[in-house]
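If you're wondering where the values come from, they're calculated on a predicted model, not measured in any experiment.
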Amino acid sequence: MKKVLFSLLVALATLTTEAQEVNIGKSNIKLKSRMMTPEALWAMGRIGTVEASPNGKQVVYQVGYYSVKANKSHQVICIMDADGKNNRQLTTSSKNETDPTWLDEQTIAYLSGGEIWTMKAEGSDRKQISKAEGKAEGFKFSPDRKKVIILKSIPFHEIIKKNPDDLPKATGRRVTDLMYRHWDHYVESIQHPYVCSVSGDGIATDAIDILEGEPYECPMEPFGGIEQLTWSPDSRTIAYTCRKKIGLEYSISTDSDIFLYNIDTRKTTNLCKPADYVAPKNDPTRTLKIQAVNAPENLKNNVGYDQNPQFSPDGKYIAWQSMEHDGYEADLNRLCIYEMATGLKRYINWKSDVEAFCWAPQKEKAAQLYFLSVWHGCNNMYSVNWKGEVKQLTETWDDWTSLQLANDGKRILATRQSLSTPTDIYMVTPDKSIQKTKIEQISFENKHILDQLTFGKVQQRWVKTTDGKEELVWIVLPANYQEGKKYPTLLFCEGGPQSPVSQFWSYRWNFQIMAANGYVVVAPNRHGLPGFGQEWKEEISGDWTGQCMADYLAAIDDAAENLPFVDKDRLGAVGASFGGFSVYYLAGHHDKRFKAFISHDGAFNLAAMYLETEENWFSNWEYDEAYWHRPQMPNAKKTYHDSPHKYVENWDTPILCIHGEKDYRINYTQGMAAFNAARMKGLPAELLIFPDENHWVLKPQNGVLWQRTFFDFLDRWLKK
């Protein structure tokens, strides 16, 4: 579950809400007060794809705009000079126009209506150059511009069988194996990458499926995109990410690999495993932690996630993000560097996850690669040289979310956000001294809205935990904070369970809208979160109700006892996913600390959750094994024994349960069961159920309803 909560926030923020044609532009909203509202949040533009021109003089980028009234979104393409000047919107069609990329210094390619188009950098001379019958879902041109990869979905009936032709109105699905649904949809199609030639007349129709005849997806479900494929500098080879498994094997494994496809010979080579490698046979209901391959082989064969390859500028190396263990989606995300001539792999020795990376210019001797990584609640920028020595380049209370070379050989084009600022675009010029690294903001997408708002002050606090360590806790003061006044306070419970409480900006779990509504926010980086060493991060697996729950209570107790502005008699706990599970658990173990609980898409009954989630590797790793095994391993026994549904007898506090019916990660019946239990106990409780939402809430009007319900419930029990 970690993946869905951190590394893809930027991409998912710009997802369209449905197929549509509506011309929504930049909002000129005029706010009635300086306090953040749901309408102000949804009026903000959300920056997506960003790319520098080949000469480094211009930047093209994608922005998503939303209309609450129309309940829709619209994606547009903008351009500006590399210093932020001459910023303007290029596309004005009512269609969504996305994925801008430079073909040369004067030409931009983009996606519209399922086809690839081109236009001049000033927005003129628009041409459709593909004939994909409206099915293109992503693309990447080769460096010589003579070929292009196009992503298209193809029918897939290996798991869900195709219904008979003479029953065209039948709605039943005949399922024959696991992995029949993913995230929010049934798996009846998968993406494949096709290679097409490019001529003066456009893109030829002689498409070659590089996975022809193979029943595997590429990119990987549910969020993989074109970043999982890359061209070699000589345009002769494609490196791609793929987990070549289906059904039960797929559902219990995170073992994806990096493959090389030769354009001329059409031969494929696996870079992560030797040809004679045979995967170990495991009982799929017994954790792979117990039957893991020994360490040297594990490193050699790369049996965990391997994804997002990038060739070095000279083509001699290829780097990718790599995890060591199969079945562990929150494993340490390392940088693997593969030497093409020898096949040797080496791993960058770093203490935290690599969230994104890019190669440094070859002439840059001080750096081999640049990368982003979280440490102590902030996602900053780092470099690593050929000796494997890591150097920090930025040191700010922010989350850097993407980076790439600015193509002038000196600067890095990046995006950044924080607890008080939505995503914008920056130019970073690294220096030998971190204090001299130059950071220039070049986009100001939401300045006209931010200038109308007053935000709460963010503080950093370190709190002693019950095991004698310390946890970092973010404290956000109310936007209208007055010295000497006490405020209702919310404990924020993070999801994942191994996602950082960093300087993220969210359009739902937004701390500043909580501050605008007069709440203090206490957001602890409890055990189990990255950015504090791998040992701290891994202590949560198999122990969802131990130290991490003690950390929550340590954080809120410290705030209630030591922060004069916290009203200890008006405390609430809120959270989503694992955070929602945390709320359900705390409801039965809080010793009357809290006066209100809100759980969004939380796990309530872990035995049911084991079989209901579509990613079975997650439950296998986190719970240790299936609930029916006897004798049961200690961690599994504790996990199932401490399931929140077994402690409803202790529930004594009003609770709001929120869930999406299309949430296949944590089934909506979990939220309904929790609500039903609370009401059958006679507790004040509410259920906010969304028939058309998944693990998130993506539609504008649903998003506003979520915020209004959230604060209406909290105000009722913590203010009145």
Side-chain angles (χ1 to χ4, degrees), residues 10-11 13-16 19-26 45-55 57-65 73-82 86-143 145-153 191 193-196 198-204 207 219 225-231 402 404 407 413 415 425 443 445:
V10 174
T14 60
L15 281 178
T16 57
Q20 58 199 320
E21 284 192 19
V22 56
N23 205 337
I24 303 168
K26 192 166 188 172
R46 310 185 190 186
I47 293 175
T49 303
V50 179
E51 187 172 299
S53 62
N55 60 11
K57 294 182 178 180
Q58 291 180 295
V59 174
V60 66
Y61 63 101
Q62 177 183 327
V63 185
Y65 295 118
S73 67
H74 184 215
Q75 304 294 319
V76 304
I77 296 172
C78 299
I79 194 171
M80 61 183 168
D81 295 343
N86 299 317
N87 190 311
R88 59 204 181 278
Q89 185 175 320
L90 283 181
T91 59
T92 57
S93 166
S94 60
K95 290 184 177 180
N96 287 309
E97 293 167 313
T98 65
D99 304 85
T101 188
W102 294 88
L103 290 185
D104 55 49
E105 293 178 4
Q106 298 297 324
T107 311
I108 296 168
Y110 61 99
L111 204 60
S112 179
E115 300 289 354
I116 302 172
W117 290 65
T118 61
M119 62 180 167
K120 295 299 182 182
E122 74 275 5
S124 66
D125 198 17
R126 297 167 190 255
K127 297 178 183 177
Q128 179 183 328
I129 62 171
S130 71
K131 298 177 181 178
E133 299 178 339
K135 297 178 181 178
E137 298 167 348
F139 68 95
K140 183 170 285 188
F141 281 85
S142 59
R145 308 306 184 200
K146 294 180 179 180
K147 294 188 181 296
V148 62
I149 301 169
I150 298 179
L151 301 180
K152 293 194 293 184
S153 290
Q191 278 190 333
Y194 291 77
V195 177
C196 302
V198 180
S199 67
D201 298 327
I203 297 173
I226 198 66
E227 76 283 349
Q228 294 194 348
L229 301 97
T230 192
W231 287 93
S402 71
Q404 60 183 272
N407 294 328
L413 178 65
T415 54
I425 306 170
S443 79
E445 177 59 40

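Taking Asn86 as the reference, Asp81 meet the side-chain hydrogen bond (donor to acceptor under 3.5 Å, both in side chains) condition, with sequence neighbours excluded. With sequence neighbours left out, Thr101 forms a side chain to side chain contact (heavy atoms under 4.5 Å, CB included) with Glu51, Ala109, Phe139. For Val198, the side chain to side chain contact (heavy atoms under 4.5 Å, CB included) partners are Phe141, Val148, Ile203, not counting sequence neighbours. Every salt bridge (charged side-chain N to carboxylate O under 4.0 Å, His left out) that Lys26 has, sequence neighbours left out, goes to Glu445. A search for side-chain hydrogen bond (donor to acceptor under 3.5 Å, both in side chains) contacts involving Tyr110 returns nothing, not counting sequence neighbours. Applying the side-chain hydrogen bond (donor to acceptor under 3.5 Å, both in side chains) test to Glu115 and every residue at least two apart in sequence or in another chain returns Ser130. Judged as a salt bridge (charged side-chain N to carboxylate O under 4.0 Å, His left out), and not counting sequence neighbours, Lys120 has no contacts. Take Gln106 and apply the side chain to side chain contact (heavy atoms under 4.5 Å, CB included) test, not counting sequence neighbours, and it matches Asp104. Asn55 meets the side chain to side chain contact (heavy atoms under 4.5 Å, CB included) test with Ser53, Lys57, Glu105; sequence neighbours excluded. Judged as a side-chain hydrogen bond (donor to acceptor under 3.5 Å, both in side chains), and not counting sequence neighbours, the contacts of Ser153 are Glu137.
The side-chain heavy atoms of Trp102 and Gln58, taken from C-beta on, include a pair separated by under 4.5 Å. By the 4.5 Å heavy-atom criterion applied to side chains, Pro193 and Leu151 are counted as neighbours.
A donor-acceptor pair under 3.5 Å links the side-chain atoms of Lys140 to the main chain of Leu229, judged by distance alone. At distances below 3.5 Å, at least one donor-acceptor pair connects side-chain atoms of Arg145 with backbone N or O atoms of Leu103.
In this structure, Val63 and Cys78 approach most closely via the heavy-atom pair CG2-SG, 4.1 Å. The nearest pair of heavy atoms linking Asn407 to Ala52 is ND2-O, 3.2 Å. Across every non-hydrogen atom of Gly114 and Ala132, the tightest pair is O-CB, 4.0 Å. Contact between Leu111 and Ala136 at its shortest, heavy atoms only, is CD2-O, 3.8 Å.
Atom-to-atom distance recorded for Ile226:CD1 and Ile150:CD1 is 9.5 Å, nearest 0.5 angstrom. With values rounded to the nearest 0.5 angstrom, Leu413 atom CG is found 7.0 Å from Ser402 atom OG. One distance of note links OG1 of Thr49 with CD of Gln62; it measures 4.5 Å at 0.5 Å rounding. In this structure, Arg126 CZ and Ser112 OG are separated by 9.0 Å, a value rounded to the nearest 0.5 Å.
Evaluated for a side chain to side chain contact (heavy atoms under 4.5 Å, CB included) with Tyr61, the options Leu90, Thr415, Asn87 yield exactly one hit, Asn87. Of the candidates Glu97, Gln89, Lys95, Gln89 is the only one forming a side chain to side chain contact (heavy atoms under 4.5 Å, CB included) with Val76.
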Working for side-chain contact (heavy atoms from CB on, under 4.5 Å), residues His74 and Asn96: CA-CA 6 Å; His74 184 215; Asn96 287 309; 3.7 Å; yes
